[in-house]
Asker: 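One structure, as structure tokens, below. Some questions next.
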Amino acid sequence: FIIKYKFEIISIIRYTKSKRGGIIMQISFRQTSLKDGERELFFLQSLESENINGFQMKIPKNMKEFEKLLNKFIKDSENPDFGRVPQVVYWVEINEKIIGIVKIRETLNENLKKIGGNIGYFVGKDYRNKGYGKKILKNALALFRNHKYIIITCNESNIPSQKVIEDNGGKLIETDNGHCVYKINL
């Protein structure tokens, strides 16, 4: 388990063990970088929509658009546009295969307290309903060691995400305009 805090995380690795003690899978977060290439682009192009359960991102059609998106991710982590907070985007990998994306925001503005929260996560369609979301959120929570709590939100219609959040200690504090707002004490 490797952590370098304050937007310098290279990777977070957690091993999930079977009841007999053998390793089943390795979950890792890898920060997006300009070195990312075809494998990451292919994952994004496999997404069925540009706005899935509130996770908004323009799907790149080619490498030029992908490089533009990577530059945006990096800018957002270091020097976001006015009114936005820094966020770091990670590829989520299981045994070196990309299965999702996580966005980490150490601070929140008023808008993110209602829609977005400290953590945004997305699990690829082929990996849903297999317990990965629960493990991904658990690992993301480990990044907030210096916080007393985090806020996380999801669409009111996204029952699987509500279950993931609640299974990780989330307490519903508000529903507003189709969004559920949860607090997770750390």
Asker: Would you say the side chain of K134 lies within less than 4.5 Å of the side chain of K163, judging by non-hydrogen atoms?
Answerer: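 K163 vs K134: side chains apart.
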Asker: Mind telling me whether F122 and F43 have parallel, tilted or perpendicular rings, with 30° and 60° as the class edges?
Answerer: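 Judged by the thresholds at 30° and 60°, the geometry between F43 and F122 is perpendicular.
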Asker: Distance check, rounded to the nearest 0.5 Å: I101 atom CD1 versus L47 atom CG?
Answerer: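 The CG atom of L47 is 6.0 Å from CD1 of I101, to the nearest 0.5 Å.
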Asker: Does H147 reach the main-chain N or O of E106 with its side chain, forming a donor-acceptor pair under 3.5 Å?
Answerer: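 Here the side-chain-to-backbone pair exists.
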Asker: Considering only heavy atoms from C-beta outward, does the side chain of D36 approach that of R30 to under 4.5 Å?
Answerer: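 Side chain of D36 against side chain of R30, heavy atoms only: contact under 4.5 Å found.
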Asker: Do any N or O atoms from the side chain of E67 and from the backbone of L34 form a donor-acceptor pair under 3.5 angstrom?
Answerer: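 No.
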Asker: How far apart are the closest heavy atoms of L70 and S33, and which atoms are they?
Answerer: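 Distance-wise, the nearest heavy atoms are CD1-O, 3.4 Å.
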Asker: Is any side-chain heavy atom of N155 closer than 4.5 Å to one of H179?
Answerer: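 The answer is yes; the side chains approach within 4.5 Å.
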Asker: Between D167 and K138 (salt bridge meaning N to carboxylate O under 4.0 Å), is one present in this structure?
Answerer: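 No, no charged N to carboxylate O under 4.0 Å.
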Asker: Can you tell me how far apart NZ (K58) and CG (L69) are? Round to the nearest 0.5 Å.
Answerer: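 Rounded to the nearest 0.5 Å, the NZ-CG separation comes to 9.5 Å.
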Asker: Looking only at heavy atoms, which two atoms of Q162 and E156 are closest? And how far apart?
Answerer: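 The pair with the smallest heavy-atom distance is NE2-O, 2.7 Å.
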Asker: At what distance, to the nearest 0.5 angstrom, does CD1 of I94 lie from NZ of K130?
Answerer: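 Between I94 CD1 and K130 NZ, I get 11.0 Å after rounding to 0.5 Å.
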Asker: Can you measure from CD1 (I59) to CD (Q45) and round to the nearest 0.5 angstrom?
Answerer: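 Separation between the atoms: 8.5 Å.
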Asker: Any sub-3.5 Å donor-acceptor pair from E40's side-chain atoms to G37's backbone N or O?
Answerer: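 At least one qualifying donor-acceptor pair exists.
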Asker: Are any non-hydrogen side-chain atoms of R145 and L186 less than 4.5 angstrom apart?
Answerer: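 Side-chain contact under 4.5 Å: no.
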Asker: Do V88 and F144 land in one hydrophobic cluster if side-chain heavy atoms of ILVMFWY residues count as linked below 4.5 Å?
Answerer: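 They do share one cluster, since a chain of ILVMFWY contacts under 4.5 Å joins V88 to F144.
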Asker: Got a second to check how far I184's CD1 is from I150's CD1, nearest 0.5 Å?
Answerer: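 If I round to the nearest 0.5 Å, the distance is 4.0 Å.
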Asker: Measure the CG-NZ distance between N185 and K183 for me, rounded to the nearest 0.5 Å.
Answerer: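 Reported to 0.5 Å precision, the distance equals 5.0 Å.
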Asker: Within a strict 4.5 Å, meaning less than it, do heavy atoms of the Y121 and S161 side chains meet?
Answerer: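 A side-chain contact under 4.5 Å exists here.
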Asker: Hydrophobic clustering (ILVMFWY, side-chain heavy atoms < 4.5 Å, transitive) - are I165 and I104 grouped together?
Answerer: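 In one cluster: yes.
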Asker: Throw together a table of side-chain donor-acceptor distances under 3.5 angstrom for residues 110-119, partners on residues two or more places apart or in other chains.
Answerer:
from: E110; atom 1: OE2; to: K113; atom 2: NZ; distance (Å): 3.0
from: K114; atom 1: NZ; to: E174; atom 2: OE1; distance (Å): 2.9
from: K114; atom 1: NZ; to: E174; atom 2: OE2; distance (Å): 2.8
from: N118; atom 1: OD1; to: I151; atom 2: N; distance (Å): 2.8
from: N118; atom 1: ND2; to: R105; atom 2: O; distance (Å): 2.9

Asker: Between Y127 and K97, which heavy-atom pair has the shortest distance, and what is it?
Answerer: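 Heavy atoms only, the tightest pair is OH-CE, 2.5 Å.
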Asker: Treating N109 as the side-chain partner and G83 as the backbone partner, does any N or O pair qualify as donor plus acceptor under 3.5 Å?
Answerer: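 Answer holds: yes.
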Asker: Quick one: does I136's side chain get under 4.5 Å of F29's, heavy atoms only?
Answerer: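 When only atoms from C-beta onward are counted, F29 and I136 do touch, with a gap below 4.5 Å.
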Asker: Taking side chain as C-beta onward, heavy atoms only, is V85 less than 4.5 Å from Q87?
Answerer: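 The answer is no, as the side chains (C-beta and beyond) never meet within the 4.5 Å cut-off.
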Asker: Under 3.5 Å, side chain of N79 to main-chain N/O of K75, donor-acceptor pair present?
Answerer: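 Between the backbone of K75 and the side chain of N79 there is no qualifying donor-acceptor contact (under 3.5 Å).
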Asker: Which Ile, Leu, Val, Met, Phe, Trp or Tyr residues join F42 in one cluster when any pair of side-chain heavy atoms under 4.5 Å counts as a link?
Answerer: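 Taking Ile, Leu, Val, Met, Phe, Trp and Tyr as members, F42 stands alone, with no cluster partners.
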Asker: Could I get the full list of salt bridge (charged side-chain N to carboxylate O under 4.0 Å, His left out) partners for K171, not counting sequence neighbours?
Answerer: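 K171: no salt bridge (charged side-chain N to carboxylate O under 4.0 Å, His left out) contacts found.
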Asker: In terms of hydrophobic clustering (I, L, V, M, F, W, Y; side-chain heavy atoms under 4.5 Å; direct or indirect links), are Y149 and I152 co-clustered?
Answerer: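 No, Y149 does not connect to I152 through the hydrophobic network.
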Asker: Following the transitive rule for hydrophobic clusters with a side-chain heavy-atom cut-off under 4.5 Å over Ile, Leu, Val, Met, Phe, Trp and Tyr, establish whether M63 and V89 coincide in one cluster.
Answerer: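 Cluster IDs for M63 and V89 match.
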Asker: Check whether any side-chain heavy atom of P160 lies under 4.5 Å from a side-chain heavy atom of R128, and answer yes or no.
Answerer: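 Of all side-chain heavy-atom pairs linking R128 with P160, none is under 4.5 Å.
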